[in-house]
*Asks:* 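Below is the structure I would like to discuss, written out as C-alpha cells.
What's counted below: heavy atoms across the whole structure, side chains too, no hydrogens, waters or symmetry copies. Every number for a ligand or one of its atoms is a count from 1 in the order of the listing.
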Amino acid sequence: MLSVYIDLKKHKYHHKVWQSWSRIYGNILGLKFGLIRIVVVSGRELIREVSTREVFDSRPDGFLYTMRSFGKKLGIVFSDGPVWNTTRRVLLKYLKHFGYGTRSMEVFIAEECRDLVMLRISDAGTPVFVNQMFHIPITNILWRIVAGKRYSLNDKRLVRLCELVTRLFRLSNMSGGVLTILPFLRHIIPDLIGFTEIKSVHNKLHEFILETIKEHRDSIDINNPRDVIDAFLIEMIEHKATAITEEELQIVCLDMLEAGMETVTNTAIFMLLHLVRNEKVQKRLQTEIDNVVGLSRTPSLDDRPNMVYTEAVLLETLRISSVAAVGIPHMAREDARLGDYLIPKGTYILLAIHDLHNSNDWEDPDIFRPERFLKEGSLIQDDKILAFGLGRRRCIGEGLAKSELFMFMTHLLQKFTLKVPDGDPMPSTDPIDGITLSAKPFRVIFEPRFK
Ligand code: HEM
C-alpha cells in the first residue's frame with residue numbers, strides 16, 4: 001500500500017504506477033494488498049487471453065464493487081455466473097426490442113445532437129466550460145429506451161445526478177481502493193476514505209431509479225410495454241419464479257446510467273480537447289464533413305463509411321485517451337495458469353488497456369495523429385485498439401458509443417469551429433484519475449462557421 005502511495009506521488013495515476021512496475025517486473029504483475037490479490041496483465045496477447053478465457057470472466061467481490069448493489073453481485077457490470085449470463089442476455093433482447101442498434105436509436109441521437117447544436121448557437125462566440133455538456137444528451141439517448149424518458153438540457157435534477165455520477169467515478173479507481181482492501185475502515189474513518197460520500201451518491205441514484213420504477217409500476221399496461229423497465233416488470237408479473245427481482249432491475253438501471261454515461265461523455269470531451277489543440281485535424285475533419293455531407297442536411301450514420309478521416313479521429317481519441325484505462329476488473333473463478341504463473345482463484349485481474357494503446361509499440365504514441373489509422377485513403381481497423389474489451393465480457397455499448405461520438409462530433413463541427421478563448425491556456429491532455437479517466441475543466445468558444 002505504502003509503495004502505491006509513494007509511486008502515485010511520482011506517476012500521478014494508478015494506471016501509470018502499474019505500468020512502471022510492469023516495465024520492471026513483467027507483463028504479469030502480481031500485487032498483494034492484505035487478503036486481496038491483484039494481477040495487472042499487459043500486452044495484447046495476454047489481454048486477449050484473459051478476456052477470452054471463461055475461467056477469467058468473473059468479477060471481483062470486493063466491497064467497493066458490491067456496495068452499490070446491496071452487498072450482492074447483481075445486474076451486469078459487476079455480477080457473474082448464471083445471474084450475469086441471464087441478465088445480460090435478457091437486457092440485450094429488450095434493448096434491441098425498444099430500438100437499441102436500430103433506426104430509432106439514430107433518431108434519438110439526432111434529436112440530442114440538434115438540441116445541443118441549438119444550445120451552442122445560443123451561446124456562440126462566448127467561452128463555455130464544456131466538461132458537462134454531453135451528460136444529459138448521452139443519458140437521454142439510453143434512458144429513452146430504458147425508461148421512456150428524456151430530460152431538457154437544463155433539467156436541474158438530472159444535471160445534479162450526472163454531477164454525482166462524475167463525482168462517484170473520481171472517488172475511487174478500478175483496483176477497488178482502500179474500501180476493498182481495508183473495508184473495516186469505513187466504521188472508523190468513513191469520511192476520510194470516501195465511504196460517506198460514495199454511499200450518499202449511491203443512495204441518491206437509487207432514489208431516482210426507484211422513483212422511475214414506481215412510476216412505471218403505477219402506469220403499466222401489460223399488453224403494451226413502453227420500454228425496458230416495463231418489459232422487465234411484465235416478466236416479473238407473468239413469470240414470478242424465474243424473472244429477475246426488483247432489486248436486480250434497480251441495478252440493471254444503475255449499470256445503464258453509470259456505464260453508459262461517464263465513458264462516452266469523457267471520450268467525447270477528450271475528442272473536443274484534441275480538436276481544439278490540433279487545428280489541422282479540425283480543419284481536415286470539417287473538410288470531410290463539407291465534402292460528404294455538405295450544408296443542406298445534417299450528418300447521419302449512413303455517412304460513416306464515407307467519412308474515414310472522422311472515423312480515424314474517433315479511433316485516435318479512443319487510443320490516446322483510453323478512459324477505461326484498466327478496463328473493468330475480471331476475477332479468476334478457479335486456479336488457472338497464465339503464462340508461467342498460477343493465478344489463484346479469486347485473484348482480481350486488471351487489463352492494461354491504456355498502456356497497450358500508448359506504449360512504444362506505436363510510432364510517436366504521445367502525438368495525436370489520426371492518419372496512423374489510414375492507409376491509401378482507407379481506414380485500418382487496428383486490432384490493437386481494445387477500448388471496449390473482448391470476449392464474453394465485451395462492452396455492450398460499443399456500437400452505441402461509436403455512433404454517438406460520430407454524430408455529436410460531425411453535427412458540432414459542421415456548424416462551428418472550436419477555439420480556445422484568448423488568454424486561456426491550451427487544455428491539458430493530462431487526465432483526472434478515477435474509475436474512468438476524465439479531462440480537466442477547460443473552456444471552448446464555438447464560433448459559427450457560416451452566418
Ligand atoms: C467510449 C465509451 C465506452 C468505453 C470505452 C467502454 C469500455 C468498456 C470496457 C473496457 C468494458 C469492460 C470489458 C471487460 O470486462 O473486459 C465495458 C463493459 C461494459 N460496458 Fe462499456 N464502454 C463504453 C460505453 C458504454 C455504453 C454506451 C454502455 C451502455 C450500454 C456500456 C455498457 C457496458 C456494460 C453493461 C458493460 C459490462 C459488460 C459485462 O460485464 O458483461 N458501455 N465497457
Side-chain angles (χ1 to χ4, degrees), residues 15 41 46-54 56-60 65 69 73-81 83-92 94-96 98-101 105 108-109 112 134-135 137-146 165 169 174 228 251-271 314-315 317-331 348-354 356-357 385-409 435-438:
H15 67 278
V41 169
L46 283 170
I47 291 179
R48 277 185 170 277
E49 185 175 342
V50 169
S51 304
T52 48
R53 279 177 62 189
E54 280 193 23
F56 297 125
D57 75 10
S58 289
R59 293 290 193 208
Y65 314 106
S69 48
K73 281 183 165 177
L74 302 177
I76 297 180
V77 180
F78 288 110
S79 71
D80 51 27
V83 169
W84 161 72
N85 212 347
T86 313
T87 315
R88 180 173 164 129
R89 190 173 38 78
V90 176
L91 173 68
L92 276 171
Y94 291 152
L95 282 172
K96 280 184 193 143
F98 291 102
Y100 191 79
M105 186 110 231
F108 294 167
I109 301 175
E112 298 306 324
F134 295 107
H135 275 163
I138 295 290
T139 306
N140 273 344
I141 294 162
L142 204 54
W143 210 236
R144 275 176 90 162
I145 293 180
V146 173
V165 175
F169 272 56
M174 276 303 187
V228 171
I251 304 307
V252 168
C253 292
L254 186 64
D255 281 348
M256 290 297 91
L257 272 183
E258 290 183 352
M261 199 268 273
E262 268 309 282
T263 46
V264 188
T265 54
N266 290 350
T267 307
I269 296 300
F270 275 119
M271 204 150 145
L314 212 156
L315 281 177
T317 308
L318 289 168
R319 180 193 73 79
I320 205 165
S321 298
S322 305
V323 299
V326 290
I328 298 176
H330 287 228
M331 186 177 83
Y348 301 179
I349 307 171
L350 304 181
L351 306 174
I353 293 176
H354 191 284
L356 176 77
H357 292 167
I385 296 293
L386 294 180
F388 299 92
L390 276 176
R392 300 204 313 155
R393 282 288 182 176
R394 191 185 185 116
C395 174
I396 66 165
E398 175 171 356
L400 171 62
K402 286 183 170 165
S403 302
E404 290 174 335
L405 292 167
F406 174 88
M407 290 284 274
F408 280 108
M409 288 309 133
I435 300 264
T436 51
L437 302 179
S438 52

*Asks:* Backbone, side chain, both or neither: what part of Ile76 comes under 4.0 angstrom of ligand 1, heavy atoms only?
*Replies:* both
*Asks:* Show which atoms of ligand 1 fall inside a sub-4.0 Å distance from at least one heavy-atom site of Leu142.
*Replies:* 29 (C), 30 (C)
*Asks:* Nearest non-hydrogen contact with atom 14 (C) of ligand 1 belongs to which option: Met261, His330, Lys402, Arg394?
*Replies:* His330
*Asks:* In terms of residue, atom name and distance, what is the protein heavy atom nearest to atom 5 (C) of ligand 1?
*Replies:* Ala387 O, 3.6 Å
*Asks:* Taking the six-membered ring of Trp84, is NZ or CZ of Arg392 closer than 6.0 Å to its centre and within 45° of its axis?
*Replies:* no
*Asks:* In Å, rounded to the nearest 0.5 Å, how long is the span from CZ of Arg144 to CZ of Phe98?
*Replies:* 14.0 Å
*Asks:* Report yes if some N/O of Thr267 lies less than 3.5 Å from some N/O of ligand 1; otherwise report no.
*Replies:* no
*Asks:* Can you figure out which of Met271, Arg393, Glu404 has its heavy atom closest to atom 13 (C) of ligand 1?
*Replies:* Arg393
*Asks:* Just how far is it from atom CD of Glu112 to atom CD1 of Ile109, taken to the nearest 0.5 Å?
*Replies:* 9.5 Å
*Asks:* Drop me the distance from Thr265's OG1 to Leu405's CG, to the nearest 0.5 angstrom.
*Replies:* 9.5 Å
*Asks:* Within a strict 4.5 Å, meaning less than it, do heavy atoms of the Leu91 and Asp255 side chains meet?
*Replies:* no
*Asks:* Quick check: do Val50 and Leu46 have side-chain heavy atoms less than 4.5 Å from each other?
*Replies:* no
*Asks:* Could you grab the distance from atom CZ of Arg393 to atom CG of Asp80, nearest 0.5 Å is fine?
*Replies:* 6.0 Å
*Asks:* If you count the atoms of ligand 1 from 1 in the order shown, which ones are under 4.0 Å from a heavy atom of Val264?
*Replies:* 2 (C), 27 (C)
*Asks:* So which heavy atom in the protein is nearest atom 36 (C) of ligand 1, and how far is it from that ligand atom?
*Replies:* Val77 CG2, 4.1 Å
*Asks:* Give me the residue, atom name and distance of the protein heavy atom closest to atom 11 (C) of ligand 1.
*Replies:* Ile328 CD1, 3.8 Å
*Asks:* Would you mind checking which non-hydrogen protein atom is closest to atom 23 (C) of ligand 1, with the distance to 0.1 Å?
*Replies:* Thr263 OG1, 3.4 Å
*Asks:* For ligand 1, which atoms sit closer than 4.0 Å to a heavy atom of Arg88?
*Replies:* 38 (C), 39 (C), 41 (O)
*Asks:* What are the atoms of ligand 1, with element, lying closer than 4.0 Å to any heavy atom of Trp84?
*Replies:* 39 (C), 40 (O), 41 (O)
*Asks:* Considering only the protein, which heavy-atom contact is closest to atom 4 (C) of ligand 1, and what is its distance?
*Replies:* Phe388 CE2, 3.5 Å
*Asks:* Can you measure from OG1 (Thr267) to CD (Glu262) and round to the nearest 0.5 angstrom?
*Replies:* 10.0 Å
*Asks:* Once you round to the nearest 0.5 Å, how far does OG1 of Thr139 lie from CG of Leu257?
*Replies:* 6.5 Å
*Asks:* Starting from atom 32 (C) of ligand 1, find the nearest protein heavy-atom neighbour and note its residue, name and distance.
*Replies:* Ala259 CB, 3.6 Å
*Asks:* Minimum distance, heavy atoms only, to atom 25 (C) of ligand 1: which one of Ala401, Cys395, Ser51 is it?
*Replies:* Cys395
*Asks:* Mind checking whether Arg88 and Ile396 have side chains closer than 4.5 Å, heavy atoms only?
*Replies:* yes
*Asks:* Does ligand 1 have any atom that is closer than 4.0 Å to a heavy atom of Arg59?
*Replies:* yes
*Asks:* Taking Arg394 for its side chain and Phe388 for its backbone only, find out whether a donor-acceptor pair lies under 3.5 Å.
*Replies:* no
*Asks:* Counting each atom of ligand 1 from 1 as listed, which ones have a heavy atom of Gly397 under 4.0 Å away?
*Replies:* 25 (C), 26 (C), 27 (C), 28 (C), 30 (C), 31 (C)
